[in-house]
Visitor: 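Quick one: this structure, given as structure tokens, is what I'll be asking you about.
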Amino acid sequence: LDDFAGDIIGRLFSFIIDDFVGGAIAVVTDGLIAVLLSSSSVDLTGDFAGTGDIRAVIVGLSVTMMFAILMVGVIRATLTGQPGGLIRQAFYDLPRQALITGVFIGVAQTAIVVVDALTVQVLDGVGEGTGRIGGSIVAGGTVSSAAGAPAAGGILTLIFMILYILAAILVWAELLVRSALIYIIAVLAPLGYALGVSPSGREIARKTSMTFAAIILSKLGIAIAFRVGAGLVSGEGEGGIADAMVGVTTMGLAAFMPFM
């Protein structure tokens, strides 16, 4: 009798999860795809995010810093009698950093548009497989059921569902952080570029550009990781439950792509 009751409870538990998981996974996946495909989430044109006033202050401060650093170079060259460094600062570093400060917003916006277009291409067709993704996770959970342990199968399905949804939430949060960082760096970057006029600050200017580029390009890396993970979970591979497990793991890694 106990075995019979346990079997009934296990099958009921599995049925509830199986009936729910497909729809839940499809909703989460569709929502995440919509966020990834959104090309209007970051816009650096015009007075973006109402930062026109603060950007004017930052740019003015950066110009002041450039000329202040140049004046320090003049004093140093006068005291040391070595004008070589001053010549580079005045005729290479200063014009270069001023040019970068003037054009980096336009270059960044162009890169954002290109990354958005590539993301659309990478995710083409993924939305059509959202039902298969939920079905694949359910199928993975029924492996134990086939072996005579329906409750275990339901529990495995529940674990897969939770892991997948948590991974999707992490990716969504990472995309929000990316958007926020793009706006913040777009406002503060002129200060980093101003330091590039100084020999000791050239590395800061270089890292400012590298960090900005990495954050913008990270969306494409996230999209690729998501595409691979969704493909594995939806059963496009031939590894069955193993592919589903790797797919869920890849989904989790997608949230950390900018740091890898």
Side-chain angles (χ1 to χ4, degrees), residues 21-22 24-44 104 107-140 159-186 207-260:
V21 66
I25 294 299
V27 170
V28 170
T29 304
D30 288 340
L32 186 55
I33 292 174
V35 173
L36 281 166
L37 293 180
S38 174
S39 59
S40 59
S41 57
V42 179
D43 185 3
L44 299 181
F104 85 95
V107 173
Q109 182 60 39
T110 301
I112 290 171
V113 172
V114 172
V115 168
D116 286 338
L118 292 174
T119 299
V120 172
Q121 295 298 318
V122 169
L123 296 178
D124 183 37
V126 175
E128 301 172 0
T130 53
R132 295 198 309 272
I133 292 175
S136 177
I137 294 180
V138 172
I159 291 174
F160 267 105
M161 179 185 71
I162 293 174
L163 290 176
Y164 185 90
I165 292 177
L166 286 177
I169 291 174
L170 285 174
V171 173
W172 173 73
E174 172 59 30
L175 291 170
L176 293 180
V177 171
R178 170 187 177 268
S179 298
L181 287 176
I182 288 176
Y183 286 126
I184 292 172
I185 294 179
K207 287 185 176 180
T208 298
S209 295
M210 291 182 62
T211 301
F212 204 15
I215 292 174
I216 292 174
L217 294 174
S218 66
K219 182 177 181 179
L220 181 58
I222 292 170
I224 292 173
F226 175 75
R227 177 66 181 86
V228 172
L232 290 170
V233 173
S234 65
E236 293 181 8
E238 299 179 355
I241 186 65
D243 274 357
M245 294 174 64
V246 174
V248 172
T249 303
T250 305
M251 282 285 297
L253 290 176
F256 301 97
M257 286 300 293
F259 313 104
M260 298 177 64

Visitor: For I216 and R178, work out which heavy atoms get closest and say how close.
Guide: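 Of all heavy-atom pairs spanning I216 and R178, the closest is O-NH2, 3.0 Å.
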Visitor: Taking side chain as C-beta onward, heavy atoms only, is T250 less than 4.5 Å from F226?
Guide: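 A side-chain contact under 4.5 Å is absent here.
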Visitor: Once rounded to the nearest 0.5 Å, what's the spacing between atom CG of L176 and atom CG of L181?
Guide: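 Those atoms lie 11.0 Å apart.
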Visitor: For the residue pair Q109 and I112, establish whether any side-chain heavy-atom pair is separated by less than 4.5 Å.
Guide: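 Result yes, sub-4.5 Å side-chain heavy-atom pair found.
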Visitor: Side chains of L220 and I224: closer than 4.5 Å at any heavy-atom pair?
Guide: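 Yes, at least one pair of side-chain atoms sits under 4.5 Å.
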Visitor: Heavy atoms only: give me the nearest A186-F104 pair and the separation to one decimal.
Guide: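 Answer, listing the atom of A186 first, then F104: O-CZ, 3.3 Å.
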Visitor: What heavy-atom pair brings R227 and V122 nearest, and what distance separates the two atoms?
Guide: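 So the minimum-distance heavy-atom pair works out to CD-O, 3.4 Å.
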Visitor: So how far is it from D116 CG to K219 NZ, rounded to the nearest 0.5 Å?
Guide: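 Going from CG on D116 over to NZ on K219, the span is 3.5 Å.
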Visitor: Distance from I185 atom CD1 to T211 atom OG1, nearest 0.5 Å?
Guide: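 The OG1 atom of T211 is 6.0 Å from CD1 of I185, to the nearest 0.5 Å.
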Visitor: So, does Y183 use its side chain to make a donor-acceptor pair with the main chain of L44 at under 3.5 Å?
Guide: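 No.
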Visitor: Could you tell me the separation between the CG atom of L118 and the CG atom of L123, rounded to the nearest 0.5 Å?
Guide: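 Nearest 0.5 Å value for the CG-CG distance: 11.0 Å.
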